[in-house]
Every structure is written in structure tokens, then in C-alpha cells.
Amino acid sequence: MKGVLQDKSFEEIAELVEAAGEKSFRAKQVFEGLMQGKKVSELPVPPALRSGLLDNYEDEPVRIRETFVSKDGTKKFLFQLADGNLIEGVLMKYKYGNTQCVSTQVGCRMGCKFCASTLGGRVRDLTAGEILGQILAVNRAEGGNLKERAVTNVVLMGSGEPFDNYQNVVKFLRNVTAAGGICISARNISLSTCGLVPEMRRFAEEGIPLNLTVSLHAVTDEERARTMPIANRYKIADILDACAYYFEKTGRRYIFEYSLIEGENADFAHAAALADLLKGRPCHVNLIRLNEVKERNLSGTSEEAAQEFLAELTRRGISATLRRSMGSDIGGACGQLRARYIS
Ligand code: SAH
């Protein structure tokens with residue numbers, strides 16, 4: 001595989017252009033072209049520079065192979081990488097803007113029992129430019145540009161564990177927030193982790209004030225280990241400490257994802273225990289009814305039970321919302337679409 005030009009910051013592209021003996025204003029043309037979602041072969045630069053770049057870099061490292069449109073307007077994208085691997089992403093339309101869900105790895109090795117992304121394990125990490133490339137491709141396909149973006153918010157909640165691909169994800173975050181590029185503010189970005197404590201603490205020191213989201217899904221370590229193998233490695237108490245550290249460093253409140261699984265974590269006692277666990281913390285809880293994955297015999301709660309769980313948390317003083325499940329008619333849950341293609 002050739003390199004991925006979209007991995008590079010503006011400064012790195014400027015060095016490359018200089019090394020190629022080209023005038024320095026070409027760097028801006030290359031960088032802006034890439035950020036507009038152009039292929040390397042479409043960059044508005046002299047043919048010699050373009051063909052030099054094509055010798056070393058992939059023309060189109062992330063290509064939209066298929067688009068599925070849900071009745072609710074949600075779009076699901078199947079992307080093909082230069083080595084033929086497939087990843088997926090979703091664009092959800094809200095009143096305040098469009099949120100794109102991106103993948104950080106091909107597959108995942110965290111092994112959560114309810115998640116389709118992990119079914120075939122981890123194939124490989126994505127580079128920074130392959131993560132960014134998903135956004136650039138969708139922004140272009142949706143008619144956006146660098147001034148009027150069609151993608152305004154980003155969630156790292158597709159396939160993969162972002163902190164299991166730490167360096168590339170941090171590089172991606174620096175590039176996606178950089179001035180002159182697609183320039184999405186860190187405040188409009190959510191990073192979801194299953195709770196890799198050392199990386200959470202390290203990330204607190206990077207100075208990237210995004211919405212740190214932790215997949216909790218349980219109230220005790222024992223219960224958590226039933227669906228999330230990572231619970232055998234890190235304790236909930238240590239995850240909470242790492243969240244507090246992130247708040248201390250960035251002033252950003254943090255978010256917990258809690259998927260309601262029938263017969264597992266969704267009754268009143270769990271709502272009370274979750275409220276006790278989180279009481280007084282600068283956090284928010286995102287509830288979602290588990291999206292059924294046919295390979296897993298776990299099911300979501302009823303809408304009514306989910307509403308009761310939410311009401312109990314709220315009554316106990318915890319800030320919480322129940323997320324609408326979007327795009328379920330097009331395989332909206334993690335890894336479902338790719339799983340359909342590779343099985
Ligand atoms: N690896 C990261 C991010 C990817 S998953 C993490 O674990 O946080 C994004 C969110 O979707 C996580 O909270 C994950 O636990 C949740 N999720 C996975 N499969 C799901 C399903 N079938 N139904 C509902 N939520 C699911």
C-alpha cells in the first residue's frame with residue numbers, strides 16, 4: 001500500500017511540496033483540495049507535482065462504495081479502503097446539524113458481547129487520514145465544502161476502539177480541528193471508549209477539549225465483565241477517576257453510554273445503583289435501547305422500560321437522555337453493515 005496524503009498536516013504538506021522543488025503556494029492548493037475531498041489526481045496543481053504525489057500516495061484512500069438511506073433520513077455509508085478492506089459510517093441529521101459517526105479500526109478486538117464490530121476481531125488500525133477521509137468523502141458527497149460544511153459534528157463511535165489506535169486517533173483529531181482544513185471544533189466531536197484507563201489519562205494531557213464518552217453499560221465490575229471483557233482489566237472506579245482527571249484538565253463534563261439490555265442491566269435497581277455511582281459528578285448519561293444484533297442473543301428493553309429507567313435517573317438528580325435509535329432499518333448499529341458484506 002502507498003502512503004495516505006490525508007494523514008498529513010498543512011505543515012507536513014508544505015515540507016513535501018518544498019522537497020519536490022515546487023513553489024510554496026502549491027502547498028495550500030494541495031491541502032485545500034484534499035480537505036475538499038478531492039482525489040490526488042483531481043488536485044488543481046501542475047501535472048508534475050500531481051504525478052509525483054501519485055507515485056507515493058493513494059489516489060483515493062477512502063472511497064464511498066455504497067450509500068443506504070433510511071426512512072428517517074439517516075444515511076449509512078460503506079467505504080472501501082485502498083487495500084480492499086471495508087469500513088462503515090453513518091450520517092445522522094439533527095436540527096442543529098449533521099453528525100457523522102466514523103470508524104477508527106477495521107473490526108475491533110475488545111470483544112463486547114453485544115457489538116457486531118468485534119465479531120471478526122481486529123483486522124488493522126486506520127491511519128489518521130483514513131479516519132479523516134471518511135469525513136472528507138461524506139462532506140463532498142453531501143454537497144458540503146470548507147465554508148458550508150455538510151458534516152458539522154463527529155462521533156468516534158463506528159467500528160473500533162479509538163484508544164486502541166491512540167496515535168492515529170490523536171493525529172486525526174489534530175488535523176480535523178486544524179484551521180484551514182475542515183476545521184470541526186473539538187466541542188463538536190465525541191470520542192467513545194470502552195474505558196482504556198491509561199489512554200484516557202494520557203488523552204487528558206493532549207489538550208483536546210472534546211466530549212469524552214465512556215461505554216459503561218453496567219454498575220459493578222462483575223456485571224460489566226459479563227458483556228465487556230475489558231472489565232477484567234480496568235475497574236469502574238479507575239474509569240471514574242480517569243474521567244475526573246479529564247474534567248480537571250479540560251473543564252469538559254463527560255458522558256456515559258448505557259445500553260439497556262433486557263434482563264441484564266435495565267431494571268429499577270440498576271437505575272438506582274447507576275445514580276448512586278454517578279451522583280455529584282459533572283457527567284451526563286446517554287441511554288439507548290440495545291440494538292439487536294442477530295449473531296448475539298441479547299435484546300433491548302421495551303421503549304416503556306427505557307422511559308422508566310430514564311425517569312428514575314432523572315428523579316435521582318442525574319442528567320440523562322434516551323437516544324432515539326436511528327437508521328435501524330438500514331443496519332444502523334455498530335458493525336452490522338460491514339458484517340453483512342463480509343459474511
Ligand atoms: N469502542 C468504542 C466506540 C465504538 S461503539 C466504545 O466501546 O465506546 C459506540 C457505542 O455503541 C458504544 O457505547 C458501544 O458499547 C455501543 N454499542 C455497540 N453495540 C451496540 C448495540 N448492539 N446496541 C447499542 N449500542 C451498542
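Quick note: numbers below take in every heavy atom, side chains included, and nothing from hydrogens, waters or symmetry partners. Owing to the predicted nature of the structure, the values given are computational and were not obtained by experimental measurement. We count ligands from 1, going down the list as the structure has it; atoms in each ligand are counted the same way.
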Per-atom contacts of ligand 1 with Cys115, taking only distances under 4.0 Å to non-hydrogen atoms: 18 (C), 19 (N)

Polar-atom distance check: Phe114 versus ligand 1, any N or O pair below 3.5 Å? yes

Does the pair Glu262/Arg289 count as a salt bridge with the N-to-O cut at 4.0 Å? no

Mark up the atoms of ligand 1 that fall under 4.0 Å of a heavy atom belonging to Asn291, in ascending order. 21 (C), 22 (N), 23 (N), 24 (C)

Quick one: look at Ser259 and ligand 1, take heavy-atom pairs under 4.0 Å, and tell me if it's side chain, backbone, both or neither. side chain

Honestly, for Met110 the part within reach of ligand 1 (heavy atoms, under 4.0 Å) is neither

Ionic contact status for Arg140 with Glu42, cut-off 4.0 Å: yes

Evaluate Glu292 for polar contact with ligand 1, using N/O atom pairs at a separation under 3.5 Å. no

Polar contacts were defined as any N/O atom of the residue lying under 3.5 Å from an N/O atom of the ligand; does this apply to Ile288 and ligand 1? no

Heavy-atom distances under 4.0 Å decide this one: backbone, side chain, both or neither, for Met157 against ligand 1? both

Would you mind running through ligand 1 and noting each atom that sits below 4.0 Å from a heavy atom of Gly160? 1 (N), 2 (C), 3 (C), 4 (C)

Would you indicate whether Asn297, at its atom CG, is surrounded by more than 12 heavy atoms from other residues, nucleotides or ligands within a distance under 6.0 Å? no

Identify whether the distance between the nearest side-chain nitrogen and carboxylate oxygen of Glu142 and Arg149 falls below 4.0 Å. no

Min heavy-atom dist Ala116 to ligand 1 below 4.0 Å: no

Do the side chains of Glu222 and Arg226 get close enough for a salt bridge, i.e. N-O under 4.0 angstrom? no

Any salt bridge between Lys171 and Glu12, counting N to O under 4.0 Å? yes

Any idea which atoms of ligand 1 are less than 4.0 Å away from a heavy-atom of Cys194? 6 (C), 7 (O), 8 (O)

Heavy-atom contact under 4.0 Å between Gly158 and ligand 1? yes

Taking the basic N atoms (NZ, or NE/NH1/NH2) and the acidic carboxylate oxygens, is any pair closer than 4.0 Å for Arg124 and Asp83? yes

Heavy-atom proximity to atom 14 (C) of ligand 1, best of Arg323, His217, Glu257: His217

How does Thr213 reach ligand 1, if at all, at less than 4.0 Å between non-hydrogen atoms: by side chain, backbone, both, or neither? neither

For residues 199-206, which side-chain N or O atoms pair as donor and acceptor with protein atoms under 3.5 Å away, sequence neighbours left out?
{"unit_1": "Glu205", "atom_1": "OE2", "unit_2": "Tyr245", "atom_2": "OH", "d": "2.3"}
{"unit_1": "Glu206", "atom_1": "OE1", "unit_2": "Arg174", "atom_2": "NH2", "d": "2.7"}
{"unit_1": "Glu206", "atom_1": "OE2", "unit_2": "Tyr166", "atom_2": "OH", "d": "2.7"}

Side-chain donor-acceptor pairs under 3.5 Å in residues 31-39, sequence neighbours left out?
{"unit_1": "Glu32", "atom_1": "OE2", "unit_2": "Lys28", "atom_2": "NZ", "d": "3.4"}
{"unit_1": "Gln36", "atom_1": "OE1", "unit_2": "Lys38", "atom_2": "NZ", "d": "3.0"}

